[in-house]
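If you're wondering where the values come from, they're calculated on a predicted model, not measured in any experiment.
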Amino acid sequence: MRTALFAFVLVVALAFPVFVGAGTPPADLILLHGRIHTQDSNRSVVQAMALRGNTIIAVGSDQVVSALKGPKTKTVDLASRTVLPGIIDAHTHPAGSATSLDLCSLEDRIIAPDEVKAKLIECHHEHPVEDTRWFEVVSVNPNHLSLTLADLDAITRKPMILYGADGHTVWLNTAALQAAHITAATKDPANGRIERDAAGNPTGTLRDGAADIASVVPQPSIEYEAAELRKAFDAMHAVGITSVQDASVGDHEMQVYKRLYDSRRLSMRVRGSYLLEDLHTSADVLIKQAVDFRKKWAVNPEFLRADAVKLFADGVIEYPTQTAALLAPYLDANGHPTDNRGPTYFTQDNLDRIVTEADAAGLTVHIHAIGDRAIRASLDAFAAARRQNGRLDNRDQIAHVELIDPADIPRFKELEVIANLQLLWARRAIYVSIGTLPYLGPERSRYIYAARSLRDAGAMIVGGSDWSVSTFSPFEAMEHAVTRTQGRGQEPLFPEEGIRLQDIVDAYTIHAAYALKQEETTGSLEPGKRGDFIVLDRDIFTIDPFALHETKVLSTYLDGRVVYTAVAK
């Protein structure tokens, strides 16, 4: 009903002049002479927009909107610049990633082990740590990287942890293994693996759930983390992001967000997805925890809430980790089948129960699924929920969807499951060309990041970055989604899976708002919605798509106020 009302008001605003009478307060802010892509149901483009407080009150022609000007109205001349709704990053990890901005980083570069060791030694000298702290290094590219425990111990005697850029691998030296009480007797967790030598002793490399050892690293204060998170949000505003779905939260992450909220420093709309860590635990227990978590962190329905749950159905597909769950085995370096299909982190019947009970409780289910077997199992669980509960409009999502069996593509629409894609990765980067394609073979590889196939089959696609696994720049992701290349002149990754620019803009605006259950207030620029929008330095709909990554945000508005303005050069 409210959406229909918005549409009616918009039509009236476009068709008729608006007069400010004694009972009609004027606008606080008017933007004129622009190309405002409203992202409404018709994808209308208008000249002008007016706001009162945090709310859009009219969009339309300069003449129509100018009628709302009063003596105290602020007017912005857009000078033909392009305006979009604020970008919504539907899969990211700000609370867990913000403090990494100040840590030693190997910048996800693929370098030989000897160079890695040299960089780490150099970094250790440049980033001295207190006696009570560990030496932490982020963005270590795990592709074909093999580090022995002796290699790691040669860097420092202090506890050291290296975080893989894939988000699923860590390396610990001996001091860190001892601090974490990891020995030959330590069992692999249900959803992870501790790499071991022939005698069964840990080699220092931990995969997937075993990497949760990072929780034993001494943590900085909540206030320090909140300050770093505010810096991260400032950087996100600079590329146009106004809303995020944090794809994996617990109490600690929500406390950091709440610290910003309580001190009036939360300049982002945040929806948290509560991590269900052990998928072998009873569904009743897990969903009760999730419902309690939702109630505890229902801080503000427009700015801070946690009404989704996150599950990991598998790990990552790249060699040497290969913890994504596949229907057919991985190939070896010579193209021959191995006996490895990836691990299974759950039983299907319990996954069905978890998803069904979460759905019945009104929670959005957000599943990490990279491999085709994990995607199929996730869809099967959603099918079980639909059979039990009917269709409850919980906006369930599968994130990443890297390798999909074509038989499962139409099931996204059939089951009303949203494809939450990170299309920055849809290119022939080293992770794909060296770490993935040779181990799958050409027939399966055809359906890597199959965005066009999903779209053509009627699936809703939303966009996310998975930061800090990769950059949160939406315009870089838009370029790769359209061109499927690393840049002009580069070989594309299955170009037939490229989508239109309008598709990926939808994915980061109105579709992402729908996925976050906030389409009534954000995602498009229509009367009655909040003033979340960005002003760009170019019209992205008319430029060469290979130049999309060069797009600059001139201003970002959140809730009707400026949260970022570019410094003039």
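Between D292 and K296 there is no salt bridge, since no side-chain N of the basic residue sits under 4.0 Å from a carboxylate O of the acidic one.
T323 and Y330 make their closest contact through N-OH, 3.9 Å (heavy atoms, listed as atom of the first residue, atom of the second, distance). The nearest pair of heavy atoms linking P320 to R193 is O-NH2, 4.4 Å. The two atoms that bring D166 and V316 nearest to each other are OD2-CG2, 3.7 Å, heavy atoms only. Of all heavy-atom pairs between T485 and Q490, the closest is CG2-O, 3.6 Å.
Remark: L392 CG to T364 OG1 distance equals 11.0 Å, nearest 0.5 Å. Taking CG of L454 as the reference point, atom CE of M460 lies at 13.0 Å (rounded to 0.5 Å). Rounding to the nearest 0.5 Å gives a distance of 7.0 Å between CD1 of I510 and OG1 of T522. In this structure, CG on D503 lies 11.5 Å from CE on M478, to the nearest 0.5 angstrom. One finds the CD atom of E479 at 12.0 Å from the CD1 atom of I504 (value rounded to the nearest 0.5 Å).
The closest side-chain donor-acceptor pair between T347 and D349 falls under 3.5 angstrom. Defined by atom type and a distance below 3.5 Å, a donor-acceptor pair is present between the side-chain atoms of D208 and Y345. Checked by atom type, the side-chain pair Q348/N350 shows no donor-acceptor distance below 3.5 Å. T509 and Q39 share a donor-acceptor pair across their side chains, judged by distance under 3.5 Å alone.
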Q: Check step by step if side-chain contact (heavy atoms from CB on, under 4.5 Å) holds for Y274 and Q289.
A: CA-CA 9 Å; Y274 174 59; Q289 291 172 354; 3.7 Å; yes

Q: Could you check F233 against L260 for side-chain contact (heavy atoms from CB on, under 4.5 Å), going step by step and ending with a plain yes or no?
A: CA-CA 11 Å; F233 282 161; L260 288 181; 4.2 Å; yes

**Q.** CA sep, side-chain torsions, deciding dist, call: Q518, S243, side-chain hydrogen bond (donor to acceptor under 3.5 Å, both in side chains)
**A.** CA-CA 10 Å; Q518 61 184 57; S243 292; 3.0 Å; yes

(Q) Under the criterion side-chain contact (heavy atoms from CB on, under 4.5 Å), I'd like the reasoning laid out for D405 against I375: C-alpha separation, chi angles, the key distance, then a yes or no. (A) CA-CA 9 Å; D405 187 281; I375 294 167; over 6 Å; no

Q: Kindly indicate, with the supporting measurements, whether the criterion salt bridge (Lys or Arg N to Asp or Glu O under 4.0 Å) is fulfilled by D307 and K517.
A: CA-CA 10 Å; D307 53 358; K517 293 187 176 180; 5.4 Å; no

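Side-chain contact between R353 and I287 is absent, with no heavy-atom pair separated by less than 4.5 Å. Side-chain contact between V59 and K529 is absent, with no heavy atoms from C-beta onward closer than 4.5 Å. Contact annotation: the side chain of I317 approaches that of L326 to within less than 4.5 Å [non-hydrogen atoms, C-beta and beyond]. Side-chain atoms of P142 and Y431, non-hydrogen and from C-beta on, do get closer than 4.5 Å to each other. With a 4.5 Å cut-off on side-chain heavy atoms, F293 and W297 count as touching. Under the 4.5 Å side-chain criterion, counting only non-hydrogen atoms from C-beta, R386 is in contact with D359. Between R484 and Y449 the shortest side-chain heavy-atom distance falls below 4.5 Å. Contact check for V309 versus S273: no side-chain heavy atoms found under the 4.5 Å cut-off.
Taking the salt bridge (Lys or Arg N to Asp or Glu O under 4.0 Å) definition, one finds that R428 meets it with E491, sequence neighbours left out. Residues forming a ring-ring contact (aromatic ring centres under 6.0 Å, His included) with H37 (at least two apart in sequence, or on another chain): F541. For R446, the side chain to side chain contact (heavy atoms under 4.5 Å, CB included) partners are S453, F494, E496, E497, not counting sequence neighbours. Every residue meeting the ring-ring contact (aromatic ring centres under 6.0 Å, His included) condition with F533, not counting sequence neighbours, appears here in chain and number order: Y557. Listed by chain and number, the residues in a ring-ring contact (aromatic ring centres under 6.0 Å, His included) with H237 amount to none (sequence neighbours excluded). Under the side chain to side chain contact (heavy atoms under 4.5 Å, CB included) criterion, Y319 pairs with H144, Q322, Y439, not counting sequence neighbours. Considering only residues two or more places apart in sequence or on other chains, R395 meets the salt bridge (Lys or Arg N to Asp or Glu O under 4.0 Å) condition with D393, E519. Under the side chain to side chain contact (heavy atoms under 4.5 Å, CB included) criterion, V239 pairs with I241, F472, P474, sequence neighbours left out. A547 meets the side chain to side chain contact (heavy atoms under 4.5 Å, CB included) test with I543, E550; sequence neighbours excluded. Applying the ring-ring contact (aromatic ring centres under 6.0 Å, His included) rule to H93 yields the partners H91; only residues at least two apart in sequence or on another chain are considered. In terms of the salt bridge (Lys or Arg N to Asp or Glu O under 4.0 Å) criterion, residue partners of E302 (sequence neighbours excluded) are, by chain and number, R269, R530. In this view, D544 and R488 satisfy the salt bridge (Lys or Arg N to Asp or Glu O under 4.0 Å) rule, not counting sequence neighbours.
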